[in-house]
Amino acid sequence: MAIVKMQKLSVCANKKNRKAILEQLQSLGCMEITTEGIDDPQLQKMDTDKQRQQFLRNADAFDEAIRLLDRYAKAPSKGGGLFAEKEQIDRAQFEEVVKNQKQLVTAGQAVQRAEKTIAECRGTIQKQENRIAALEPWMALPVPMDCSGTKQTSYLIGTIEGSITEDQIFAAASAGLEDPAPVSVNLLPGSIPGQNNMLVVCLKRDRDKVENSLRAIGFANPAVRVDGVPAEAKKEIEEDIKSQQEEIARQEACIASYADRREDFRIASDYYRTRAAKYDLLGTIPQSENMFFLEGWVTADRAESVKNLLEKKYDALVEKEEKREDEMEPTVLHNNRFSESVEGVLESYGLPQHGKIDPTFIMSIFYVIFFGMMFSDAGYGIVMAIACLIVLKKHKKLPDSTRKMMQLFFWCGISTTFWGIMYGGFFGDAIDQIAHTFLGVPSDVKVIKPLWFDPLSQPMRLLVWCMGFGLVHLFFGLGIAGAQYIKDRDFVGWFSDVFSWYLFIMGLVLMLLPSELFSSIAGDAFDFSGITKLGPIPKYMALVGMIIIILMQERSKKNPILRVLLGAYDVYGVTSWLSDVLSYSRLLALGLATGVIANVINMMAVMGGNSVAGVIVFILVFVLGHTLNFFINALGAYVHSNRLEFVEFFGKFYEGGGRPFKAFQTANKYVEIKNLNQGDH
Amino acid sequence: MSTGMVLALIGAALSTILAGIGSAWGVGMAGQAAAGVTAEKPDLFAKVLILQLLPGTQGIYGLLVTFITLSRIGVLGGTAVTDTNTGLMYLFACLPIAICGLISAYHQARTSVASIGVVAKDPDQFGKAMLFPAMVETYAILALLVSILAVTNI
């Protein structure tokens, strides 16, 4: 329930143990290492950038190889997807991979090379197919395309676009020649419409004349050129395509043959990534000729064991240090099993700094309650809780953040079920609708009754309750601010910034509740007339509170007039209380939204009436509709629970600004080595 | 059908139509931004999807008010409206969520687009980025409340 106390350690050890110590710390993963504080001009730093880059490249190469293996040799799916876990492997298996790393790198490169060949083959096939398509209209040409003629004759091979007949071409070609012209025009069959491919034969001496005449009517050389007769050339190209395809199949088989190395590739990828992380750190470590130095943060309870380990095993000199002025301890939170589930939410806002109060516990209680009020349907709550429970039971090794999220939604599901029962919602009014439509219960009989009351029929009553909850939430926030003042021994601050507001706001609320104004708004659902027995006490409370605020809130100001004026302006802050409290009306609005949309879905679902078709329609609409409503409203409840915590609650006291703890640890993406973390946890 | 009934029905229709237009517009705008981010960084899909959906709630609020109205004016239950004044009251009771839904969804979407930009640059800031559009939604929620309270108390 608090921020974990951190201890700074400084380590000084012999260079020959450098690798072993770093590896040990990395596998423990419990220390955040900094080296910025040590700046002695005598100390040198190693340039490890080249090795680090090389390791990262290797890791990427293996990632790529794994991706290719997944494409060409599908692994049996282990399921998981979103909840994928790291695979557990033995230490021995890991050592084996490290021993064979050279060989594995070669294997990984072979896989990548095969993929490159496949890509090249695909490119060639594409190109050849394009050539075939271009050749298609020339299939009927009986002579090689590059043939210029015989001893006496010239061949002109080409195309004229547009609609033109053989006679017209002949007429054009024979212009200026003797009659009958020694020209033969052969239009090739199988041409594309509008594109006339032809073979024109003429005497060699007439060649220039005929060609010029033909060019005048649009004769052009063929767009495609092949050696030899087109029909034969096509066959050759097809042969080539076939051989390329065979090559692709061969290379795919080659990749697939590495399928049993997939596991090793994964381990190797992680190995290189972890090594890169180590070298990254190594490059920042200051060293002298024989020694190296580093500093780091560990949680205070682990400090002694880390110190002992390094001293006993590696002869290092480890000292506990005080933090420097300009330094900030990293924040690690530790909470009970229920409250730790909102740590992720808190983290997304910003962690608390050391010396401040960790609001996780109070935040977690209100978060779950508010989520339940906004989602407010027993059916949805049960579905959500069970789904989260299944995920948590099936996947024991989830990453911490995912596990906490699942836990949070499990608790929210429970709370949602609770509020669903209070409001009488189970998939909206599904049970009533089913009873009325399919079971013949008269439609004026209510089957399910809310345990508390139906929000739709008494929205004002729930609105007042929501604002009541909001006020309690805000008072807790102010309470934490107060606790912080007391922790810092600033009693004047507590009196003038916290106590004054309690007095002022409570006085105002107590004045409002029994008033005409309130009862005219809230109707007769509430009776606060008992408060009038307090007499003028609420008025005095508000007044005293206000006076303290005016006189004390701006106590840092020297000028008394300015102090009072600014203090009076601070009283105006009561409007922010008003808007904060009103903001909790979203608890009602979103709660109603879930319930009413669910009712609309049920109403549409039973429109089919009591028949076989009706039941089928019912099931379809019910499942689809409620799934949609579930996700949209779960999203709304999540977003607005966050908002109520972040804006209204945190607005009263929270600063954040803590620095997250970044342990120096292994960078494993795929696997986790078993039995490594001895003495850990 | 009385004039009052017609007016009440116009109100009921407007709250779904206008708030729905706002949400469709907004979710569409945010969706384009989200799709762009997903093309570059597919891992961010879930996060940007949530941000895209945020301006979608106004349409639901509009539907909610329509439904409550219909269930009170004799279409899905309740009693038919006979006099013009009551019909006018229903019409005006529906207007807050209709108009505020339309405009707030548009502005929420613009904030969502900006937040999607934040998440694209730094996915760790998702928690904060989500808050900005949620702030805009507050006013749609207030409008919804006023509409619900007005309709249920006529």
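Since the structure is predicted, the reported quantities are computational estimates derived from the model, not experimental observations. Order of the sequence lines sets the chain letters (A, B, ...), proteins ahead of strands, with each chain counted from 1.
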Q: Does a sphere of radius 6.0 Å around CH2 in A:W465 hold more than 12 heavy atoms from other residues, nucleotides or ligands, not counting ones at 6.0 Å or beyond?
A: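 Atom CH2 in A:W465 is not crowded, with 12 or fewer foreign heavy atoms closer than 6.0 Å.
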Q: Quick one: does A:L463's side chain get under 4.5 Å of B:L149's, heavy atoms only?
A: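 Sidechains of B:L149 and A:L463: in contact.
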Q: To the nearest 0.5 angstrom, please state how far the CG atom of A:L582 sits from the CG atom of B:L142.
A: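 It is 7.0 Å, given to the nearest 0.5 Å.
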Q: Could you look at A:L592 and say if it's the side chain, the backbone, both or neither that has a heavy atom under 4.5 Å from chain B?
A: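 Both backbone and side chain of A:L592 come within 4.5 Å of chain B.
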Q: Please flag which part of B:L144 lies under 4.5 Å from any non-hydrogen atom of chain A: side chain, backbone, both or neither.
A: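 Only the side chain of B:L144 comes within 4.5 Å of chain A.
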Q: How far apart are the closest heavy atoms of A:L635 and B:L53, and which atoms are they?
A: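 Distance-wise, the nearest heavy atoms are CD2-CB, 3.4 Å.
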Q: Please state whether the side chain, the backbone, both or neither of A:V647 comes within less than 4.5 Å of a heavy atom of chain B.
A: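 Looking at A:V647, just its side chain touches chain B.
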Q: Any heavy-atom pair between the side chains of B:Y61 and A:V596 that's under 4.5 Å?
A: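 A side-chain contact under 4.5 Å is absent here.
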Q: Using a 6.0 Å cut-off, check whether atom OH of B:Y139 has over 12 heavy atoms from anything other than its own residue.
A: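 No, OH of B:Y139 has 12 or fewer neighbouring heavy atoms, counting only those of other groups under 6.0 Å.
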Q: Heavy-atom pairs under 4.5 Å with chain A: which of B:I141, B:N153, B:L64, B:D124 has the most?
A: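 When all of B:I141, B:N153, B:L64, B:D124 are compared, B:L64 has the most.
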Q: With rounding to the nearest 0.5 Å, note down the distance linking CG in A:N599 to CZ in B:F67.
A: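 Answer rounded to 0.5 Å: 5.5 Å.
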Q: For B:T138, is it the side chain, the backbone, both, or neither that has a heavy atom closer than 4.5 Å to a heavy atom of chain A?
A: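 Contact with chain A: backbone and side chain both.
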Q: Can you confirm whether A:H640 sits close enough to B:E137 that some side-chain heavy atom of one is under 4.5 Å from a side-chain heavy atom of the other?
A: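 Yes, side chains in contact.
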Q: Can you measure from CG (B:L145) to SG (A:C466) and round to the nearest 0.5 angstrom?
A: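 So the CG of B:L145 and the SG of A:C466 are separated by 8.5 Å.
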Q: Could you tell me whether the side chain of B:M130 reaches within less than 4.5 Å of the side chain of A:Y638, counting heavy atoms only?
A: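 Touching, per the 4.5 Å side-chain cut-off.
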Q: Heavy-atom count around B:R110 CZ within 6.0 Å, excluding the residue itself: above 12?
A: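 Counting neighbours around CZ of B:R110, 12 or fewer heavy atoms of other residues, nucleotides or ligands fall under 6.0 Å, so no.
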